[in-house]
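Working notes, beginning with the structure itself.
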Amino acid sequence: KDSAALLNTIYQEEITHVEAGCRWFTHICEKEGLDQFPYFHELVRAHFHGNLKPPFNTEAREKAGMVAEYYMPLAEAPKPPKKKSAPGSTKSHPAPALTDNQ
């Protein structure tokens with residue numbers, strides 16, 4: 001029972017923490033004339049690799065003021081650009097594998 005109470009405390013504190021972060025982020029974006037959602041997406045993609053992994057606790061996020069517009073676009077894979085094949089080519093060739101040295 002103590003573990004469950006501790007987890008609930010952490011859960012409630014995390015909601016408060018996210019709420020404060022959202023409030024400050026919105027304030028700074030308004031002050032700087034930035035569109036908060038695209039700017040948030042830009043920052044996340046610049047500093048983290050990959051996509052966010054659902055499922056999300058949408059109820060807790062909304063309670064904290066973090067609406068789905070913040071995180072759902074980050075859960076979707078960016079669409080790769082379409083490659084045009086060479087004229088007359090019917091085969092597709094896989095891209096060469098990259099190594100850590102490249």
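Side chains are part of it too, since the values below use all heavy atoms of this structure and drop only hydrogens, waters and symmetry mates. For reference, positions follow the sequence shown, starting with 1.
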- Query: Taking the inter-plane angle between the rings of F40 and F25 on a 0 to 90° scale, is it parallel (under 30°), tilted (30 to 60°) or perpendicular (over 60°)?
  - Reply: perpendicular
- request: Check the pair F37 / V67 against side-chain contact (heavy atoms from CB on, under 4.5 Å), numbers first and verdict last.
  value: CA-CA 10 Å; F37 300 118; V67 296; 3.8 Å; yes
NE2 of H41 to CG of D35, rounded to nearest 0.5 Å, is 9.5 Å
Here the gap from F56 atom CZ to M66 atom CE, rounded to the nearest 0.5 Å, amounts to 10.0 Å
When every non-hydrogen atom of E19 is compared with those of K63, the smallest separation belongs to OE2-O, 4.5 Å
dist L74:CG -> L43:CG (nearest 0.5 Å) comes out at 10.5 Å
>> On the six-membered ring of Y70, is R61 placed so that its NZ or CZ lies under 6.0 angstrom from the centre and within 45° of the ring axis?
In response: no
| said: So T58 and Y71, do their side chains get closer than 4.5 Å, heavy atoms only? | reply: yes
Heavy atoms of R45 and P73 approach each other most closely as NH2-O, 3.0 Å
Here the gap from T9 atom OG1 to E14 atom CD, rounded to the nearest 0.5 Å, amounts to 13.0 Å
Rounded to the nearest 0.5 angstrom, the NE2-CD distance for H17 and Q12 is 14.5 Å
For Y11, the ring-ring contact (aromatic ring centres under 6.0 Å, His included) test, sequence neighbours excluded, returns none
To the nearest 0.5 Å, atom CG of L52 lies from atom CE of M72 at 9.0 Å
Q.
For residues V18 and Y39: do they belong to one hydrophobic cluster (side chain heavy atoms under 4.5 Å, members Ile, Leu, Val, Met, Phe, Trp, Tyr)?
A. yes
